[in-house]
Amino acid sequence: MHVSPDPITTREQAAQERETLLDLIARGLYCTTAGALGTHTEPSAEALTKARRVADDYLSAYEEWLVKLSASNAQES
């Protein structure tokens with residue numbers, strides 16, 4: 001199965017996609033940790049808030065890497 005998302009063309013769309021990614025990463029972090037500890041339940045709002053902070057750090061670092069990669073690729077052209 002191949003999925004081609006619609007291109008992001010506005011800052012609002014980018015912000016919405018970032019929020020969606022943060023939610024998915026936060027839930028994944030919670031589920032991975034809870035699963036490893038054998039305590040997997042539905043995450044509380046507090047647990048998701050804490051996981052979102054970690055997810056935000058991860059996503060910010062990824063965005064910074066993408067910007068640097070784009071700049072490097074533009075220089076090579």
Indicate yes or no for a side-chain donor-acceptor contact from Q13 to the backbone of T10 under 3.5 Å, with no hydrogens or angles considered. yes

Heavy-atom donor-acceptor pair, S72 side chain to K68 backbone, under 3.5 Å: no

Quick check: do [X] and [Y] have side-chain heavy atoms less than 4.5 Å from each other?
X   : Y   : result
R27 : L24 : no
R52 : L29 : no
R18 : S60 : yes

Compute whether any side-chain donor of one residue and acceptor of the other, for T20 and Q16, lie under 3.5 angstrom apart. no

Ignoring hydrogens and geometry beyond distance, is a side-chain donor-acceptor pair present between Y30 and S44 at under 3.5 Å? no

Measuring from T32:OG1 to L37:CG, what's the distance to the nearest 0.5 Å? 11.0 Å

In short, A26 meets L48 closest at the heavy-atom pair CB-O, 4.1 Å

E17 versus I8, closest heavy-atom pair with distance: CG-CD1, 3.5 Å

same_hphob_cluster(V67, Y62) at 4.5 Å side-chain heavy-atom cutoff: no

